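A short write-up of the structure that comes next.
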Amino acid sequence: MAKGKSFETELQKLKEIVSKLENGTESLDDSLKLFEDGTKIANYCYKVLNSAEQKITDLSKGCCLADDLEANE
């Protein structure tokens, strides 16, 4: 993860961008820039969530594997 960047911080930025876009008061150029920034942030958050999900899956497999080994003893 990039220094100073956290999932929670980026998610808050994304919420602010969505709010501005939903408000509809931004110019077209500003709206496009916000959309572009929001897309980048959404992709970052998606990657972080996928990574966390993979870690949970891996840990769960390890846990289940240990349970299977204990059951066979």
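None of these values were measured; they are calculated from a predicted model.
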Residues 19-29, side-chain donor-acceptor partners within the protein, below 3.5 Å, at least two apart:
| residue | atom | partner | partner atom | Å |
| --- | --- | --- | --- | --- |
| N23 | ND2 | T25 | OG1 | 3.3 |
| S27 | OG | D30 | N | 3.1 |
| S27 | OG | D30 | OD2 | 3.3 |

What's the separation between atom NZ in K55 and atom OG in S60, rounded to the nearest 0.5 Å?
14.0 Å
Is it true that K13 and E10 make a salt bridge, defined as a side-chain N closer than 4.0 Å to a carboxylate O?
yes
Heavy atoms only: give me the nearest C45-L11 pair and the separation to one decimal.
SG-N, 4.1 Å
Determine whether E53 and N50 make a side-chain contact, defined as any pair of heavy atoms from C-beta on separated by less than 4.5 Å.
yes
Treating T9 as the side-chain partner and K5 as the backbone partner, does any N or O pair qualify as donor plus acceptor under 3.5 Å?
no
Nearest heavy-atom neighbours spanning S6 and Y44:
C-OH, 3.9 Å
Compute whether any side-chain donor of one residue and acceptor of the other, for Q54 and D58, lie under 3.5 angstrom apart.
yes
Here the gap from Q12 atom CD to L14 atom CG, rounded to the nearest 0.5 Å, amounts to 9.5 Å
Do the side chains of F35 and I17 get nearer than 4.5 Å, heavy atoms only?
no
